[in-house]
Amino acid sequence: AQTVTQSQPEMSVQEAETVTLSCTYDTSESDYYLFWYKQPPSRQMILVIRQEAYKQQNATENRFSVNFQKAAKSFSLKISDSQLGDAAMYFCAYRRNAGGTSYGKLTFGQGTILTVHP
Amino acid sequence: SAVISQKPSRDICQRGTSLTIQCQVDSQVTMMFWYRQQPGQSLTLIATANQGSEATYESGFVIDKFPISRPNLTFSTLTVSNMSPEDSSIYLCSAVGQGHNEQFFGPGTRLTVL
């Protein structure tokens with residue numbers, strides 16, 4: 001079974017600074033997606049960024065980028081120029097990309113609470 | 001992208017009663033799921049809502065406790081039956097878009113059982 005581990009229960013960053021959130025995963029599959037979701041106090045799950053395992057290039061979305069190390073099974077999220085609105089719980093998630101009964105199912109990490117200080 | 005709505009957004013219920021949560025997607029999606037998020041915890045998959053057939057439940061979740069329906073491609077319901085305080089959680093509906101590379105979530109239903 002796939003597992004996702006976020007070893008940082010809490011992180012903090014000063015506004016305008018850069019912070020990196022860590023995520024590791026375990027799988028025997030070769031074709032999968034990795035996601036970072038943000039969950040503010042409103043509890044809405046917001047997709048921040050996604051990475052397809054077969055793509056070598058790290059995904060980037062504006063101030064958000066990932067460092068995807070497939071061999072090491074590591075998928076960290078870097079937030080540049082942090083803003084107060086970035087404060088939230090961040091979840092790393094894994095999803096198998098092939099068909100079968102497990103397709104579409106997300107396995108989540110434990111989450112990292114990010115605090116942004118003005 | 002798909003927009004998912006859920007009703008109710010929150011509810012406070014008495015022990016032993018049941019609550020049905022509705023999930024509506026504004027476009028056709030390939031797959032729909034129900035997740036539970038207990039206080040301060042991560043999300044755990046309850047089941048896959050299959051259109052026109054019985055849902056597929058994850059280990060630890062059973063149909064008698066969490067009956068699910070999905071009568072069409074854009075709508076699903078989750079019922080939490082015979083509730084106890086341990087069922088107090090956020091319940092989230094999720095869907096995979098037609099492009100398969102995105103996964104959307106509803107705003108969640110916060111359930112408190114007294």
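Proteins come first, then strands; the chains are lettered A, B, ... in the order of their sequence lines, and each starts at number 1. These numbers come from a predicted model, not from an experiment.
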(request) Could you please spell out the steps behind the side-chain contact (heavy atoms from CB on, under 4.5 Å) verdict for A/M89 and B/Q37? (result) CA-CA 13 Å; A/M89 174 79 90; B/Q37 186 178 23; 5.7 Å; no
(message) Heavy-atom cut-off 4.5 Å, strictly under: side chain, backbone, both or neither for A/Q6 against chain B?
(response) neither
(request) For chain B, find its close neighbours in residues 109-118 of chain A: heavy-atom separation under 4.5 Å, sorted by number, or none. (result) A/G109, A/Q110
(message) Please classify the contact of B/L43 with chain A as side chain, backbone, both or neither, using a heavy-atom distance under 4.5 Å.
(response) both
(request) Check the surroundings of atom CD1 in B/I63: do more than 12 heavy atoms from other residues, nucleotides or ligands lie under 6.0 Å from it? (result) yes
(message) I'd like to know if B/V25 and B/L73 are part of one continuous hydrophobic network [Ile/Leu/Val/Met/Phe/Trp/Tyr, side-chain heavy atoms within less than 4.5 Å].
(response) no
(request) Spell out, yes or no, whether A/L21 and A/V66 are grouped together once hydrophobic residues are joined by side-chain heavy atoms under 4.5 Å, including indirect joins. (result) yes
(message) Under a 3.5 Å distance rule, please check whether A/Q44 uses its side chain to pair with a backbone N or O of B/F105 as donor and acceptor.
(response) yes
(request) Report yes or no: do B/F104 and A/M45 belong to one cluster of Ile/Leu/Val/Met/Phe/Trp/Tyr joined by side chain heavy-atom distances under 4.5 Å? (result) no
(request) For residues A/R43 and B/T109, report the shortest heavy-atom separation together with the two atoms involved. (result) NE-N, 4.2 Å
(request) Say whether B/M31 and B/V29 are linked into one hydrophobic cluster, either directly or through other cluster members, by side-chain heavy-atom distances under 4.5 angstrom. (result) no
(request) Answer yes if A/W36 and A/V19 sit in the same cluster of Ile, Leu, Val, Met, Phe, Trp and Tyr residues linked by side chain heavy atoms under 4.5 Å apart, and no otherwise. (result) yes
(message) For B/Q28, is the CD atom crowded, meaning more than 12 foreign heavy atoms sit under 6.0 Å from it?
(response) no
(message) Looking at B/K65, I want to see if its NZ is surrounded by more than 12 non-hydrogen atoms of other residues, nucleotides or ligands under 6.0 Å.
(response) yes
(message) Measuring only between side-chain heavy atoms, which start at C-beta, is A/L106 closer than 4.5 Å to B/F33?
(response) no
(request) Identify the heavy atoms of A/F108 and B/S42 that sit nearest to each other, and give their distance. (result) CB-OG, 3.2 Å
(message) Please check if the number of heavy atoms outside B/N72 that lie under 6.0 Å from its CG is greater than 12.
(response) yes
